Protein chains: 2
Amino acid sequence: MTSLSDIAKLTGYSKATVSRVLSGNGYASQKACEKILKTAAELDYATNAIAQELAHGATHNIGVVLPYIKASFFSKILEGILERSFETGYKIIILPSNYNQDLEIQYLEKLRKKALDAIIFTSRQVSEETILKYQKYGPIVLCYRPENSNIPATYANRIPAYRQAFQWLKEQNCSNIGFLLSRGNSPTISTTLQAYRDIYKITPHLEQIKSGLISAEDAYRLAPELIQFDGIFANSDDIAANVWRWFDEQQLPKPIIVGQERLLSGQLLKIPTVDNHCQEVGRMAFEQAISKTMEQSSIHSEFILKR
Amino acid sequence: MTSLSDIAKLTGYSKATVSRVLSGNGYASQKACEKILKTAAELDYATNAIAQELAHGATHNIGVVLPYIKASFFSKILEGILERSFETGYKIIILPSNYNQDLEIQYLEKLRKKALDAIIFTSRQVSEETILKYQKYGPIVLCYRPENSNIPATYANRIPAYRQAFQWLKEQNCSNIGFLLSRGNSPTISTTLQAYRDIYKITPHLEQIKSGLISAEDAYRLAPELIQFDGIFANSDDIAANVWRWFDEQQLPKPIIVGQERLLSGQLLKIPTVDNHCQEVGRMAFEQAISKTMEQSSIHSEFILKR
DNA sequence: GTGAAAGCGCTAACAT
DNA sequence: ATGTTAGCGCTTTCAC
């Protein structure tokens, strides 16, 4: 509980001098330094981080909104963010959103209240208009491509790799492909269908699209509905693996499956995958958050056939 | 940038009254409320979280020290912590330690500087003496069993499940078992060897113990050294799975493998596992962090043979 | 080289 | 019901 002014009193110097010595900014005589440092040590003095933040007007806190931590996509982005935050001395605060819009707004409010210096959305439910409205309170960075070009973002450019994947599926003579997605309204869905159309030259039926696949268990539960397909394009290797597992347990002939994110599960089953390099996305998103640039940059995804 | 005193000036009320209205604590007339709320809205006023924290002397920040996020053990604990923090309104700050002692001390310093209300160690390199020394600055909770009973902790009681696992391995006629661990000095190591001795009635050789297994890749790299064993007791399903993968690729006869943490990888390969219920450990650890109790509690691990 | 003092923005005990 | 006032603990400008 000893504060800077305690030290000022005890040493006879002013708070200003003590502050200079303790923070290392500004001049102080050799003698002053010694005396102040000595008594600070004696009193087990520790600077109060909150007071410092208040005086500076910044927390060095960066919030990261994650719908789920379990999902590989998000945890990989988080890894990238942590890597850079660690090197730069920022603190990362996890903000679980559960895809809940109200919650996301609460988190934006934290930015407004200056509890956060910046905020990174790995996914979002709030509208872009809302984001734009909150921009004046601090940097808001997205991890997928926004419609609006005035929102800073880093995202995976998935189209080329997705096309390669579909090209390969086509070469395997898959004619009826099922798409496994996390959210019906996810921004990835249009990308996926776009790439599919580019290769297959047809628009997929609505029945081909299955959404709500977040945890591995979801995949296992949904698997029975996938018998009709001869090809599956999944949103992650873990999802893909659990579909595989169901077919395996039922001893049914398996469709050809493509996963994403290059995970262990896919490697074990030798499932082709699309690596969206999420860690790099996370790193870049972090840089944008602290540099306050309004740029949008993309990372190329990669189709990996042989594992 | 508009502050509480701006509103006080504009409405003609004092800062105190404004504070009462805005924070909802204390009395204020209907009229005062309306006027203050109205001008607050007009000015887009937002309370400053830092100032509030300073006045209260607490941040509601809880730090979680994790050597690695990728490792399932730690991420599962984190999930449990997040679940409870979310429900209680605390903010979770991720503190990556990389098993680095100096770093861990830096994090303890954050507790000392009041940047953190409490800190949870999912693993640690710092000595228990150091922990004890820092206890006066705030709650420090461990996620494994400490030697010292004055340190709050929640940990997995692994012995019974480990014994079951070794019993089973023995029944499978495994006579030369390899132990795969993350750290040579991990607290789990003695638990493991203890359970082994209980069942096999012999002390394992040093060559049976392999450490440094953290990422799945580590396991794959180390696998060639494991040919000598007819049984493997791994520190996670992911590690176990990658050992399996190497043997599979080499088309070598596989040892009998037991994993841990009940992960997808182990499920796919139908490897028996020990579920240490890490999520529950995380939940409990969090409760201890905020309740400031000095208790130590344990969660029973579970051996799962059929997957 | 050092200090006085204002400021950061909010809270809470106390008085009215 | 409302205001006064003294904190919370540090930073920083501007004199001396």
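It should be emphasised that the depicted structure is a prediction, and the values quoted were computed from it without experimental measurement. Sequence lines set the chain letters: A, B, ... in the order given, protein chains first and strands last, and positions in each chain run from 1.
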[X] has an atom [atom1]; how far is it from atom [atom2] of [N], in whole Å?
{"X": "B:K31", "N": "D:dT2", "atom1": "NZ", "atom2": "C1'", "result": "12 Å"}
{"X": "A:K35", "N": "C:dT2", "atom1": "NZ", "atom2": "C1'", "result": "14 Å"}
{"X": "B:Y13", "N": "D:dT5", "atom1": "OH", "atom2": "P", "result": "20 Å"}
{"X": "B:Y27", "N": "C:dC14", "atom1": "OH", "atom2": "C1'", "result": "15 Å"}

Next on the checklist: What I'd like to find out is whether the side chain of A:P96 reaches to under 4.5 Å of the side chain of A:I69, using heavy atoms alone.
Outcome noted: no
Checklist entry - Is the closest side-chain heavy-atom distance between B:L108 and B:R124 below 4.5 Å? => result no
Checklist outcome for this item: A correct 5'-to-3' footprint of nucleotides 7-16 of chain D, with B, S and - meaning base, sugar-phosphate only and no protein heavy atom under 4.0 Å, is -BBBBBB---
Strictly below 4.0 Å, N to O, side chains only: are [X] and [Y] in salt-bridge contact?
{"X": "B:K76", "Y": "B:E79", "value": "no"}
{"X": "A:K133", "Y": "A:E129", "value": "no"}
{"X": "A:R283", "Y": "A:E280", "value": "yes"}

Item to check | Estimated bend of the helix from C:dG1-D:dC16 to C:dT16-D:dA1 (axis per five terminal pairs, rounded to 10 degrees) | outcome: 40°
Next on the checklist: Looking only at the side chain of B:S14 (C-beta and beyond, no hydrogens), which of the listed nucleotides D:dA1, D:dT4, C:dT2 gets closest?
Outcome noted: D:dT4
Next on the checklist: More than 12 heavy atoms of other residues, nucleotides or ligands under 6.0 Å from NZ of B:K91: yes or no?
Outcome noted: yes
Next on the checklist: Around atom CZ of A:R112, are there more than 12 heavy atoms from other residues, nucleotides or ligands closer than 6.0 Å?
Outcome noted: yes
Checklist entry - Mind checking what makes ring pair (Phe, Tyr, Trp, His ring centres under 6.0 Å) contact with B:Y13, not counting sequence neighbours? => result none
